[in-house]
Structure formats: structure tokens, C-alpha cells
A.B. asks: 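Following this message is one structure expressed as C-alpha cells.
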Protein chains: 2
Amino acid sequence: MKSTKRKNMQPEERRAQLLGCAQILFFSKGFEDTTVQDVLDLAGVSKGGFYHHFKSKDELLFGVLDGMAEGVFSQMDLVASDETSSALELLRSFIHLRANYLREHDYPGQVEFFKVMNQDKNLVLLEQFKRRVRTGAMPVLTRIIQKGCDEGTFAVADIDTAAELILFLSTFMDLALLRAIEARGAETADHAAGKLQAAIDMQFLTIDRILGLPDGTTDFGWPEAVDVTMATEPPPPPSTN
Amino acid sequence: MKSTKRKNMQPEERRAQLLGCAQILFFSKGFEDTTVQDVLDLAGVSKGGFYHHFKSKDELLFGVLDGMAEGVFSQMDLVASDETSSALELLRSFIHLRANYLREHDYPGQVEFFKVMNQDKNLVLLEQFKRRVRTGAMPVLTRIIQKGCDEGTFAVADIDTAAELILFLSTFMDLALLRAIEARGAETADHAAGKLQAAIDMQFLTIDRILGLPDGTTDFGWPEAVDVTMATEPPPPPSTN
DNA sequence: CTCTTGAAAACCGACCAGCGGTTTGTAACT
DNA sequence: AGTTACAAACCGCTGGTCGGTTTTCAAGAG
């Protein structure tokens with residue numbers, strides 16, 4: 001029998017490689033439109049080899065998702081276990097972390113990634129990822145709110161519900177952010193920037209109310225946040241002078 | 001050539017029939033797990049016949065979704081065009097409509113339907129449906145808030161953003177409702193009921209803040225809402241004495 | 001009013017490429 | 001030598017296509 005060249009690797013190494021290839025493909029073509037064969041071709045592995053490491057295509061998806069979420073969660077944990085900061089400060093860090101995990105964590109194409117992830121074809125991917133983030137962030141946020149209540153800073157009827165709602169607000173912000181990013185450079189950019197600012201304001205307004213804080217307490221949005229978001233340069237069109 | 005009996009129908013009729021069969025199957029087996037062949041068998045139509053009316057399986061999905069959303073939207077429009085009511089009353093009607101469209105609109109198995117729809121395998125279905133509802137409900141809610149601002153009842157920085165956030169709150173409520181429904185009959189039922197009440201309270205608290213209303217203005221949840229939700233009897237297991 | 005006609009609409013069912021996943025055997029490492 | 005890591009052929013089934021067949025229905029003829 002003729003046989004192609006073959007390169008054995010350590011299981012973890014192969015796994016990582018396959019996850020990497022899968023991530024690239026999932027986020028460009030979408031999960032459904034990515035064939036296992038696509039992954040196979042990109043990684044240079046046979047089907048048998050693949051199914052030796054992953055028992056299904058779904059497991060591959062969850063693997064990718066886990067890999068992405070891992071870093072965020074550990075950072076969150078780190079933030080929340082800081083005993084010296086007040087609950088309010090912790091909350092501030094938490095929200096910024098949640099809002100910027102793309103920027104902090106990843107390769108330069110984070111914005112592109114964000115856009116691709118929000119396309120219709122990646123609906124499954126996105127929703128599955130959101131769930132991971134939510135379930136992973138819940139305990140951390142709960143702990144922070146608990147601490148705030150103990151301190152007497154926060155006044156909340158039900159901690160879990162409060163935490164959950166705040167995390168939902170993040171989803172709301174994601175949508176606003178997406179719209180803003182998509183409008184960058186277009187003539188509607190100013191309008192989009194206004195909407196983004198409105199969403200940010202409303203987010204913090206709502207958090208104040210959820211936690212029983214006086215108006216304006218959690219105005220964590222630093223002033224130039226919107227400008228920063230709208231300014232990330234797309235590859236400058238040569239027509240610009 | 002032998003030929004099976006064949007029954008031609010008006011296009012709309014066939015379309016409706018296929019949509020009906022699809023709806024049943026989608027919500028029992030899930031979208032991905034439902035084969036077009038399944039629909040074919042249930043409807044007694046051949047593949048060619050099917051693809052004469054629908055150009056893809058996805059179009060079938062969107063057809064089902066549209067059919068479901070249609071009724072809600074028309075009701076919403078009706079509600080919002082009532083000139084005699086105040087904005088606050090309109091909002092009340094709107095929220096109740098949004099919260100109860102399953103109960104109002106459908107066959108007796110609404111709860112079952114809700115549960116099935118929230119299963120993991122129906123993620124696409126659910127999310128796609130939510131989007132429809134959101135985009136369809138947006139203009140109505142916007143109009144209501146606009147009216148409230150004109151009246152001087154509401155005070156909102158950005159109407160669209162406010163409307164969007166309120167609709168996101170509905171999603172939040174859906175989750176809470178789902179948890180409650182799933183806990184019915186279990187020994188955690190009381191706990192779940194508490195959480196549901198907390199979510200309801202927090203929803204209205206948040207809406208107050210969003211619209212710039214004094215605390216407690218939009219306490220639209222009628223007192224026995226939670227009990228009603230938790231009480232729907234499941235088919236009583238014969239092991240119960 | 002009935003009958004013919006013919007084109008368009010409705011429909012059938014065999015067929016296909018490609019999918020996720022399995023199996024069986026073999027090369028490579030320890 | 002035994003186990004691990006992989007290859008390649010294979011399988012059942014899926015969504016979708018295609019050429020052909022049947023119904024329908026309106027218009028024209030008698």
C-alpha cells in the first residue's frame with residue numbers, strides 16, 4: 001500500500017493545532033459551513049486522526065469556545081479576589097474586563113473577529129459563546145455583589161437576579177458596540193457614535209438602579225470610550241488624501 | 001408506470017400545510033434534527049413537490065417563524081394605535097402582550113412549546129425567533145415611548161436605545177420564566193418562584209429607571225402572576241398518592 | 001353551453017455530491 | 001512488544017437537483 005508522509009505529534013499538540021485551525025475556519029466561514037474536512041485539509045490530518053482526538057464536531061466547537069473563554073475567566077477570578085478593593089472598584093474592573101476582553105486578549109484582528117462572530121451564519125457560535133461567558137462570569141459577579149451588600153454599598157433584593165441582569169446588559173452593549181463598529185467610516189458614523197454613547201449611559205444608569213446606588217455612581221465609561229471605538233483605522237483607502 | 005394517488009392543491013394551501021407540518025416537527029424534534037423527508041412524509045408530498053414551493057429548508061424555517069410572529073405584531077400594532085390611552089397604559093398593554101403571547105395566541109401546549117423551544121438543539125430556532133420579535137416590536141415600542149415623551153410622562157435620553165433595552169429585558173424575563181417553568185413540581189419550586197418574582201420586580205424597577213419614572217410606576221405585574229405560572233398542572237404522575 | 005386544446009402550474013421520485021462519523025489496518029514511538 | 005497516533009476506505013443519510021408526468025384552467029371552436 002502506498003502511504004503518505006506521516007507526522008506523529010503529542011496528543012495535546014495535535015489537539016491544539018486542530019483547535020487552532022478550527023477556530024480560524026469557524027470564525028471565517030461559520031460553524032455550520034465549516035466541514036470537518038476543511039479542518040482536516042488545513043491541518044493536514046486524516047479523518048481517522050481527527051476522530052482519534054475529538055469524538056464529534058460539536059466537541060471541537062466546545063473546545064474552541066473553552067479556549068477562548070478560559071483567559072477571560074481566569075482574569076475575572078483574579079480581579080474578584082482582590083480583597084483590598086471596594087466592591088465598587090471591583091465592579092468597575094469587572095465591567096471593563098467584560099467589555100474589553102476582545103481588545104485585551106487577542107490578536108490584532110479582534111474587531112474583525114467581533115464582526116464575523118455577529119454574522120447570521122455564526123448565530124450558533126455566538127450564542128453558545130455568550131452562554132459560556134455568562135455562566136462563567138456569574139459566580140464572579142455574584143461574589144462582587146455579595147461583597148457590596150456586605151459592605152452596605154449595594155442594596156439588592158436578589159443577588160443572583162441582579163448579577164444575571166447585569167450580564168444581560170453586557171449583551172445589550174455588545175449589540176450597540178457592533179452597530180457602532182459597523183458604521184465606522186460610513187456617513188452614519190456620527191449618528192452611530194451618538195447611539196453608542198446613549199447605550200453606555202443607559203447601561204450605567206440601569207446598573208445604578210439594579211444595585212440600589214445613587215444616580216451616576218457607576219459611570220465607569222471613560223470619556224473617550226466612544227471615540228476610541230469609532231477610531232480604529234480600517235486599512236486606509238488610497239483615495240484618501 | 002405505476003403512480004401513487006396525487007392530490008393537487010392551491011399553492012397557498014399546500015404552503016400552509018407544509019408550514020404546519022414543519023412547525024409541528026421543528027418544535028418537537030428541533031430544526032436540525034428534522035429532515036425535509038420528515039416533513040414530506042407527514043404532509044404526504046414528494047420532494048419535488050416540496051421544492052416547488054420552498055427553495056430551501058431555511059426558507060421553510062423563516063416561513064414558520066413569520067407565521068408565528070405575524071399574529072403578535074398585528075396585536076401590537078393594534079394596541080399601540082389606541083389614541084385614547086396614555087403612554088403608560090399603552091406600555092402596560094405592550095408588556096403584557098409581549099409576556100403572554102404564548103398564552104394568548106396558541107394551542108393548549110404553549111408551555112410545552114416554550115420549554116421545547118428553549119432546548120439546546122433549538123438554539124437556532126429560538127434565537128432567530130427572538131430576533132424577529134425584537135425587530136418587529138421595536139417600531140411599536142418606539143412609538144409608545146415617543147408618545148410618552150411628548151406627553152411629558154417619560155424622560156428619555158435616546159428613544160431607540162430605551163426601546164431596545166426594554167426589549168432585551170423581555171429576553172431576560174424569558175429566561176427567568178423558563179427556569180421557573182422547569183422547576184414546577186420539583187422541590188426547588190418555591191425557590192424558583194422567588195427568583196421569578198425577583199426577576200419581575202427587577203424588570204419593572206429597571207423600566208422605571210430607563211423611562212425616567214418614579215420608583216414603582218410601572219409595577220405592571222399583577223400579584224398572582226408567579227402563582228399562575230407555577231401552577232399549570234403537569235399530567236399528574238400515577239405514583240403520586 | 002360543451003368540447004377541445006395547450007401551456008403553465010403542481011407534483012413525482014430517482015438521483016447526486018458531500019456531510020459527519022466508523023472501521024480496519026498500519027506506521028511510529030516508548 | 002505493546003500501545004499510541006494516525007491513514008484511508010467506507011457507510012448511512014442529508015439537503016438539494018432534475019427530467020419527466022399529471023392537473024388545472026382559460027381560451028377558442030363548434
Side-chain angles (χ1 to χ4, degrees), chain A residues 1-23 25-26 28-65 120-125 128, chain B residues 1-23 25-26 28-65 120-125 128:
Chain A
M1 284 247 172
K2 66 160 178 255
S3 69
T4 52
K5 275 282 178 66
R6 178 165 156 184
K7 206 188 156 201
N8 282 20
M9 297 172 93
Q10 298 289 355
E12 299 168 17
E13 204 179 346
R14 257 276 186 269
R15 228 186 118 89
Q17 184 210 3
L18 288 167
L19 284 171
C21 295
Q23 181 163 359
L25 291 170
F26 285 173
S28 56
K29 307 178 54 175
F31 174 67
E32 320 261 321
D33 291 347
T34 299
T35 317
V36 294
Q37 190 61 50
D38 291 337
V39 182
L40 268 38
D41 293 343
L42 187 59
V45 177
S46 76
K47 225 157 194 189
F50 171 82
Y51 278 95
H52 177 69
H53 295 284
F54 297 90
K55 61 180 244 207
S56 75
K57 192 191 175 189
D58 281 317
E59 191 183 297
L60 189 65
L61 171 61
F62 291 130
V64 170
L65 259 32
D120 267 20
K121 62 183 177 187
N122 289 341
L123 205 147
V124 185
L125 206 63
Q128 216 57 266
Chain B
M1 286 253 169
K2 67 161 179 254
S3 70
T4 53
K5 273 287 178 62
R6 174 165 155 190
K7 206 187 156 201
N8 282 21
M9 296 172 93
Q10 300 286 358
E12 299 169 16
E13 204 178 346
R14 256 279 184 268
R15 229 187 117 88
Q17 185 211 2
L18 287 167
L19 284 173
C21 295
Q23 182 162 359
L25 291 170
F26 285 175
S28 56
K29 307 178 54 174
F31 174 67
E32 320 262 332
D33 291 348
T34 299
T35 316
V36 294
Q37 191 62 49
D38 291 337
V39 181
L40 268 37
D41 293 343
L42 187 59
V45 177
S46 75
K47 216 140 194 206
F50 172 83
Y51 277 96
H52 178 71
H53 295 285
F54 297 90
K55 62 180 241 210
S56 75
K57 192 190 174 189
D58 281 320
E59 191 182 297
L60 189 64
L61 171 62
F62 292 132
V64 170
L65 259 32
D120 268 19
K121 63 182 177 186
N122 290 341
L123 204 148
V124 186
L125 206 64
Q128 218 52 270

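Below, read A as the first sequence line, B as the second, and so on, with proteins coming before strands; counting in each chain starts at 1.
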A.B. asks: Between K57(B) (side chain) and T34(B) (backbone), is there a donor-acceptor pair under 3.5 Å?
C.D. replies: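 Yes, because the side chain of K57(B) sits within donor-acceptor range (under 3.5 Å) of the backbone of T34(B).
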A.B. asks: In whole angstrom, what separates E13(A)'s CD from dT4(D)'s P?
C.D. replies: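 It works out to 18 Å between those atoms.
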A.B. asks: Hey, does the side chain of R14(B) come within less than 4.0 Å of dC11(C)'s phosphate (OP1/OP2), counting only N and O?
C.D. replies: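 It does, given that an N or O in the side chain of R14(B) lies less than 4.0 Å from OP1 or OP2 of dC11(C).
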A.B. asks: Does K29(A) come within less than 4.0 Å of D38(A), counting only side-chain N to carboxylate O?
C.D. replies: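 A salt bridge is present here (some side-chain N lies under 4.0 Å from a carboxylate O).
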A.B. asks: Just wondering, do Q17(B) and H53(B) contact through their side chains at under 4.5 Å, heavy atoms?
C.D. replies: no
A.B. asks: Do F31(B) and D58(B) have side chains that approach each other closer than 4.5 Å (heavy atoms only, starting at C-beta)?
C.D. replies: yes
A.B. asks: If you assign each of M9(A) and Q10(B) to its closest nucleotide in DNA chain D, which residue comes earlier from the 5' end?
C.D. replies: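 Result: M9(A).
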A.B. asks: Would you indicate, yes or no, if dT4(D) has its OP1 or OP2 atom less than 4.0 angstrom from a side-chain nitrogen or oxygen of H53(A)?
C.D. replies: no
A.B. asks: Ignoring the backbone of S46(B), work out which of dA28(C), dC12(C), dT24(D) is nearest its side chain.
C.D. replies: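 Among the listed nucleotides, the one closest to the side chain of S46(B) is dC12(C).
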A.B. asks: Quick one: is H52(A) getting a side-chain N or O under 4.0 Å of the dC6(D) phosphate, OP1 or OP2?
C.D. replies: no
A.B. asks: If I take atom CG in residue N8(B) and atom C1' in nucleotide dC12(C), what distance separates them, rounded to the nearest angstrom?
C.D. replies: 11 Å
A.B. asks: Quick one: side-chain hydrogen bond (donor to acceptor under 3.5 Å, both in side chains) partners of E59(A), sequence neighbours excluded?
C.D. replies: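 E59(A) satisfies side-chain hydrogen bond (donor to acceptor under 3.5 Å, both in side chains) with no residue once adjacent residues are dropped.
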A.B. asks: Go through the structure and list residues passing side-chain hydrogen bond (donor to acceptor under 3.5 Å, both in side chains) with Q37(B), not counting sequence neighbours.
C.D. replies: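 D41(B).
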A.B. asks: Could you pull out the protein-nucleic contacts involving nucleotides 20-22 of chain C (nitrogen or oxygen on both sides, under 3.5 Å)?
C.D. replies:
residue, atom, partner, partner atom, Å
dG20(C), OP1, K57(A), NZ, 3.1
dG20(C), OP2, V36(A), N, 3.0
dG20(C), N7, K47(A), NZ, 2.8
dG21(C), OP2, Y51(A), OH, 3.0
dG21(C), OP2, K57(A), N, 2.8
dG21(C), N7, K47(A), NZ, 3.3
dG21(C), O6, K47(A), NZ, 2.9

